[in-house]
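Notes follow the structure.
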Protein chains: 2
Amino acid sequence: MTRVRPMRADARRNYERLLKVAAEAFAEQGENASLDEIAKRAGVGSGTLYRHFPNRRALLEAAYVDRIQAIAARADELADSRAPGEALTEWLYELCVGSIQVRGLKALLGSAVTDGSPGAVTACATSIKGAATRMVEAARREGALRADIEPVELLRLAHGVATAAELADGHGGQIRRYLSLLMEGLRAPRG
Amino acid sequence: MTRVRPMRADARRNYERLLKVAAEAFAEQGENASLDEIAKRAGVGSGTLYRHFPNRRALLEAAYVDRIQAIAARADELADSRAPGEALTEWLYELCVGSIQVRGLKALLGSAVTDGSPGAVTACATSIKGAATRMVEAARREGALRADIEPVELLRLAHGVATAAELADGHGGQIRRYLSLLMEGLRAPRG
DNA sequence: GCACCAAACGGAGACTGTCCCCGGTTGACC
DNA sequence: GGTCAACCGGGGACAGTCTCCGTTTGGTGC
């Protein structure tokens, strides 16, 4: 158990400003927003940015953990208020909407469900997969979902739906439609 | 009718070497392969590359037109040898495999079915959409496909499937599975 | 053959972005 | 208010994109 000493006041200040600015920049410009530009907008040097966040992915993840947690929490909320199958569909819908509207989020969610990506075992990946697992299990019990679909597969397929919808109009206008086509295929097999 | 004078011999030579090298580079490294590096490998200056191909997309497209045409031709071949629904599924499967194995191809196919992308009206887009249209119409007639699915939507969804499969293992091992799940949802509605 | 010149070449260089390094600064603690 | 580890920030090496322009060369008419 290493003694963790609290961050110095200036460090904490910079850290938080960076997160705030980064979240905005990634949302607007996607995952490839300029890091030096983010540093500048946060009023710090690029050295400071890279010390706090060794690479782009680290910053991206830090900027969106809370949003991911919110999505995970939303799963339980939906599970309480609707039938499992419906809750699942609605949750995936919201996931896709978030992926398209907040541009950096999609990349992050994608790498969270990528097999064998370095550093994939992150807080983000864990909580989103946990939420998916709970929803999938409930939906299976209700017979609203085939038994051979793994939670992580569902997340990957949802990512695919978001990608397809993005190609359509760039604003997610087709998510609902594409998702319902997919869900139709994921229902328990026809008699 | 403008008089088209043939390319000078050195120009044609360079043009073709660039295409060859670019196809290799994009296949290996994806759509973001370094253009200067491609020029160097082809033994020409970067100025020459940019004169022949004003931007990355132009080079990408030129490097893969023939491959896209082959995919489009393959559609007719499959249509002749199998039932429409099965032919469609197999064609989409091959499309996805190509998208994953030849890395730059996916980006190109994606932009070909993007609504409102600049320069979307290209030879690639036209021939791939044409092939999709023929397959979709045949499948519809057979009742193997819902009537409300547009050809271009199918291409977008296939792109989504390729994306999902790529997340799974990076090599397309799940394409068949994910595609069959999708196709299940695209069949004519249950009674 | 040869001279001409439009077409084509190629690489220097301006610009943007990433990331590291290290001399200077500052906040926390005594 | 002195000490020092932690932190800052910007300069700079490196890589990539794309343009500009002086130089070279292939095609053509003689």
Side-chain angles (χ1 to χ4, degrees), chain A residues 2-63 103-104 107-108 111 117-119, chain B residues 2-63 103-104 107-108 111 117-119:
Chain A
T2 324
R3 190 84 179 87
V4 181
R5 92 172 47 193
M7 251 180 187
R8 236 169 70 171
D10 54 346
R12 147 149 264 103
R13 207 167 33 241
N14 285 334
Y15 182 88
E16 276 166 5
R17 296 205 56 190
L18 280 168
L19 280 189
K20 185 165 172 292
V21 172
E24 290 168 11
F26 287 136
E28 285 166 20
Q29 306 166 45
E31 60 168 336
N32 292 320
S34 162
L35 297 188
D36 274 23
E37 177 64 26
I38 289 175
K40 193 174 295 176
R41 275 208 244 170
V44 305
S46 54
T48 300
L49 185 153
Y50 285 101
R51 190 161 349 87
H52 286 304
F53 310 99
N55 52 54
R56 179 179 298 277
R57 171 115 297 130
L59 178 56
L60 190 58
E61 174 145 357
R103 299 194 44 208
L108 181 57
S111 75
S117 84
Chain B
T2 323
R3 191 84 179 85
V4 181
R5 92 172 47 192
M7 251 182 188
R8 232 169 71 170
D10 52 347
R12 149 149 261 101
R13 208 168 32 242
N14 286 333
Y15 182 88
E16 275 165 8
R17 297 206 55 189
L18 279 168
L19 279 189
K20 185 165 170 293
V21 171
E24 290 167 11
F26 286 138
E28 286 165 23
Q29 307 166 46
E31 62 168 334
N32 292 320
S34 161
L35 297 188
D36 272 24
E37 177 63 25
I38 289 174
K40 192 173 296 175
R41 276 209 243 170
V44 304
S46 54
T48 300
L49 185 152
Y50 285 100
R51 188 158 353 84
H52 285 305
F53 310 99
N55 53 54
R56 178 178 298 277
R57 173 115 296 132
L59 178 55
L60 190 59
E61 174 145 358
R103 300 193 43 206
L108 182 56
S111 75
S117 85

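A note on names: the letters A, B, ... follow the listed sequences, proteins ahead of strands, and every chain is numbered from 1.
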For a quick check, with a 4.0 angstrom heavy-atom cut-off, what is the B/S/- contact string for nucleotides 22-30 of chain D, read 5' to 3'? ---BSS---

Any side-chain N or O of Asn14(A) below 4.0 angstrom from OP1/OP2 of dC8(D)?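 Looking at the OP1 and OP2 atoms of dC8(D), one of them is under 4.0 Å from a side-chain N or O of Asn14(A).
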
Is any side-chain nitrogen or oxygen of His52(B) closer than 4.0 Å to OP1 or OP2 of dA8(C)?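 His52(B) to dA8(C) OP1/OP2: no side-chain N or O under 4.0 Å.
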
Please name the residue in the list Asn14(A), Ile38(A), Val21(A) that meets the side-chain contact (heavy atoms from CB on, under 4.5 Å) test with Leu49(A).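 Option passing the side-chain contact (heavy atoms from CB on, under 4.5 Å) with Leu49(A): Ile38(A).
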
For Glu16(A), the option from Lys20(A), Arg13(A), Arg12(A) that meets salt bridge (charged side-chain N to carboxylate O under 4.0 Å, His left out):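 Going through Lys20(A), Arg13(A), Arg12(A) one by one, the salt bridge (charged side-chain N to carboxylate O under 4.0 Å, His left out) with Glu16(A) is satisfied by Arg12(A) alone.
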
Taking all non-hydrogen atoms of both residues, which atom of Arg41(A) and which atom of Ala25(A) are closest, and how far apart?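 Reported closest heavy-atom pair: NH2-CB, 4.3 Å.
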
First locate atom [atom1] of [X], then atom [atom2] of [Y], and finally report the distance between them rounded to the nearest 0.5 Å.
{"X": "Leu35(A)", "Y": "Phe26(A)", "atom1": "CG", "atom2": "CZ", "value": "5.5 Å"}
{"X": "Glu61(B)", "Y": "Ser111(B)", "atom1": "CD", "atom2": "OG", "value": "7.0 Å"}
{"X": "Tyr50(B)", "Y": "Leu18(B)", "atom1": "OH", "atom2": "CG", "value": "11.5 Å"}
{"X": "Thr48(A)", "Y": "Phe53(A)", "atom1": "OG1", "atom2": "CZ", "value": "11.0 Å"}

What's Arg56(A) touching, base or sugar-phosphate or nothing? Going by heavy atoms closer than 4.0 Å.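 Sugar-phosphate contact only.
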
[X] [atom1] - [N] [atom2] separation (whole Å):
{"X": "Leu59(B)", "N": "dT17(D)", "atom1": "CG", "atom2": "P", "answer": "11 Å"}
{"X": "Leu49(A)", "N": "dG10(D)", "atom1": "CG", "atom2": "P", "answer": "13 Å"}
{"X": "Phe53(B)", "N": "dG10(C)", "atom1": "CZ", "atom2": "P", "answer": "14 Å"}
{"X": "Arg51(A)", "N": "dT26(C)", "atom1": "CZ", "atom2": "C1'", "answer": "13 Å"}
{"X": "Asn55(A)", "N": "dG17(C)", "atom1": "CG", "atom2": "P", "answer": "19 Å"}
{"X": "Leu60(A)", "N": "dT18(C)", "atom1": "CG", "atom2": "P", "answer": "13 Å"}
{"X": "Tyr50(B)", "N": "dG11(C)", "atom1": "OH", "atom2": "P", "answer": "15 Å"}

Look only at the side chain of Arg56(A) and the backbone of Ala33(A), and say whether a donor-acceptor pair between them is shorter than 3.5 Å.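 A pair under 3.5 Å: yes.
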
Short of 4.0 Å, heavy atom to strand atom, which residues of residues 31-45 of chain A count as contacting DNA chain D?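 Output list: Gly43(A), Val44(A), Gly45(A).
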
Please name all residues satisfying salt bridge (charged side-chain N to carboxylate O under 4.0 Å, His left out) with Arg51(A), sequence neighbours left out, ordered by chain then number.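 Salt bridge (charged side-chain N to carboxylate O under 4.0 Å, His left out) list for Arg51(A), sorted by chain: empty.
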
Could you pick out which residue, Arg12(B) or Ser46(B), lies toward the 5' side of DNA chain C when each is mapped onto its nearest nucleotide?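 Closest to the 5' end, via its nearest nucleotide, is Arg12(B).
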
